[in-house]
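Structure first, commentary second.
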Number of protein chains: 2
Amino acid sequence: MRTVFSEDHRLQDGRSELIEGQFVPVNEMPRRAEIVIDRVRATKLGEVLPARDFGLDPILRVHDRGLVGFLQSAWDEWAATGRTFDALPHVWPVPGLGRRLSDSIDGRLGYYAIDAGTPIMSGTWKAVQASANVALTAQKLVATGERAVFALCRPPGHHAGSDFYGGYCFLNNAGIAAQAFLDQGARRVAILDVDYHHGNGTQQMFYGRSDVLTVSLHADPRQEFPYFLGYADEIGEGAGEGYHQNFPLPWGTDWRSYSEALELAGKRIQQCGADALVISLGLDTFEEDPISRFKLRHDDYFRLGERIAWMDLPTLFIMEGGYAVEALGVNTVNVLMGFEQRGG
Amino acid sequence: MRTVFSEDHRLQDGRSELIEGQFVPVNEMPRRAEIVIDRVRATKLGEVLPARDFGLDPILRVHDRGLVGFLQSAWDEWAATGRTFDALPHVWPVPGLGRRLSDSIDGRLGYYAIDAGTPIMSGTWKAVQASANVALTAQKLVATGERAVFALCRPPGHHAGSDFYGGYCFLNNAGIAAQAFLDQGARRVAILDVDYHHGNGTQQMFYGRSDVLTVSLHADPRQEFPYFLGYADEIGEGAGEGYHQNFPLPWGTDWRSYSEALELAGKRIQQCGADALVISLGLDTFEEDPISRFKLRHDDYFRLGERIAWMDLPTLFIMEGGYAVEALGVNTVNVLMGFEQRGG
Ligand SMILES: [Zn+2]
Ligand SMILES: [Zn+2]
């Protein structure tokens, strides 16, 4: 399997995030991608390709122009106030009340962000755009005949919605790639999100549409970030009704119960008549993940890859979360090797 | 003029807040109230009375039971996770999307809070309830014949809405007191908010009602916290249309332009047929306030008090913000003395 990768991910290198009442070093760090690319190379998984530049058009197919413009200018606006540290929001709109877009950078941060854990710095936009280009470069390879490609995206994307960012995510790489498949002729695309956290951005982006089936396995939002969305009764709306499915799972979930939900998710995907499959590949389901509470083990990731291969669709793997950094390379590549051993 | 005060305010003593990208010592500190009560005593403004206990009923007349229950239990829920530091939210609902109430304390914090600058600690609820009781004790004195009383509330209240808290505020002391006037027979109450920041909680609480006229002079939300609300075209809705008025003023506003807006606000209040006036008394319009950018001076606060006295209504002063701590006693008491010199 080929991997697409850009060194520009390093430009996203946040100092601190607010989490559970404390200001701590950012979990989503450059070393995450480095350890994965090292493992890809060490295992000779396949060729590593650079990203091509696709410009803004495929991004604006699924993201609001206001959000994209904000992400492009946010650091300059922030730095213009004399601040030399990362930009984070500290106040946000009251749900149900007015949500006016302030001229103030602090007001604009709170308008577009959904958490205080996703810092913006001078290199953020360049890293974010590179990450989207990694996804689009890999998508193009799958669309033109490769069975599967790994887009080693960083920063991740599944918490970013059409007009909001957060959860370490700025643009929704999986959503951008799914839309690209459609724009290149696919009639339907499935997105399977196996990150530990609910893919709230992906859900929001396609909630009213039937041409993208979105399925997410994740920690129950009753217990876990992002808390406010990701419940089992959220099944899509309007034309999208029946084209979203959430599998909220409790803390302590191990492979036995995880694989049962995965089986149901796989069947739903196999039924839906998709022409392509996008995997939001988060590895924070690992038993040693520092911010998560599932119990998957190294070997379980082979089986996850195998089960994805059984779905028998052209498959685009998009890197999402995973914060047990030293194990991240092994676990990620285990999924990809499990996939390759099964099929092809 | 008599002052109502409770020592329990000291129980609200936050360590850190997130503001403009940094985790800094909380501006809203116990010393604020201490310096004001010291000045009240030094100037022999009048008798200082303790707060009486009014229980939850008058609070629940304007606040959602869920918010009140949350504020009562939040610290215990937080401490039960093993955390020994203040509770702050780090993620919040996406506007326009699902806003489910998670079982998780982190989800519940983000559900009810509107910023990451309003820490909850073990004593928070006791301080918050004492602050509401200070307001209600003073309200009762005004309702039973005193021309004016000063409720030295801390924590402040005007950023707290019916079902949200933030901006150093948990319960809306001014709103609770306004409702108490109505429940004791007033036909209409006016709330004049002269804090530097827009009273978004007060606006939300009475936006659909004509029995409480709410008028706010504040820094333009295009430039300032709370950013998303407080614009001039927000005039109330439904039965409340015409009973809310915002005067957003630019950075650098001095007494000359401030007093012009105050004159308009005063006329609106004098026209409305109110039986009582509640002043949300913030002193962060002061030229040396560390988080604000208006240019009012010590002597201007006398004139502010005088102009309020001209409105010629039974008047309840409720303490709100003001972060130039060493000057806060002088500026606060200047308003009260300006009021007393003019009338009575
Ligand atoms: Zn995750
Ligand atoms: Zn204020």
request  = Identify which of A:Tyr227, A:Trp92, A:Tyr111 forms the greatest number of heavy-atom pairs closer than 4.5 Å to chain B.
outcome  = A:Trp92
Winner by heavy-atom pair count (cut-off under 4.5 Å) against chain B, out of A:Leu109, A:Val94, A:Leu88 = A:Val94
ask   = Just wondering, are more than 12 heavy atoms of other shown residues or ligands nearer than 6.0 Å to CZ in A:Arg65?
value = no
ask   = Do other residues, nucleotides or ligands put more than 12 heavy atoms under 6.0 Å from the CZ atom of A:Arg83?
value = yes
task = Would you mind checking which part of B:Pro119 comes under 4.5 Å of any heavy atom in chain A, side chain (CB onward), backbone (N, CA, C, O), both or neither?
result = neither
Contact origin within B:Phe23 toward chain A - heavy atom pairs under 4.5 Å = both
Measuring heavy-atom distances to chain B, does [X] have an atom under 4.5 Å in its side chain, in its backbone, in both, or in neither?
X	answer
A:Gln203	neither
A:Pro93	both
A:Asp86	backbone
A:Phe164	side chain
A:Arg99	both

ask   = Less than 4.5 Å apart, any side-chain heavy atom of B:Asp233 and any of A:Arg100?
value = yes
task = Could you check B:Gln22, B:Glu17, B:Glu20 and say which one makes a side-chain contact (heavy atoms from CB on, under 4.5 Å) with A:His90?
result = B:Glu20
key: Residue, of B:Thr81, B:Leu229, B:Ile19, that accumulates the most heavy atom pairs under 4.5 Å with chain A   = B:Ile19
inquiry  = With chain A as the partner, which of B:Gly117, B:Ser16, B:Ala87, B:Ala113 has the greatest number of non-hydrogen pairs under 4.5 Å?
reply    = B:Ala113
inquiry  = Just verifying a value: how many Å separate A:Asp106 CG and B:Gln223 CD, rounded to the nearest 0.5 Å?
reply    = 12.0 Å
task = Considering non-hydrogen atoms only, spot the tightest contact between B:Leu18 and A:Ala116 and give its length.
result = CD2-CB, 3.7 Å
Side chain to side chain contact (heavy atoms under 4.5 Å, CB included) evaluation trace for A:Ser102 with B:Tyr231 = CA-CA 10 Å; A:Ser102 179; B:Tyr231 293 80; 4.2 Å; yes
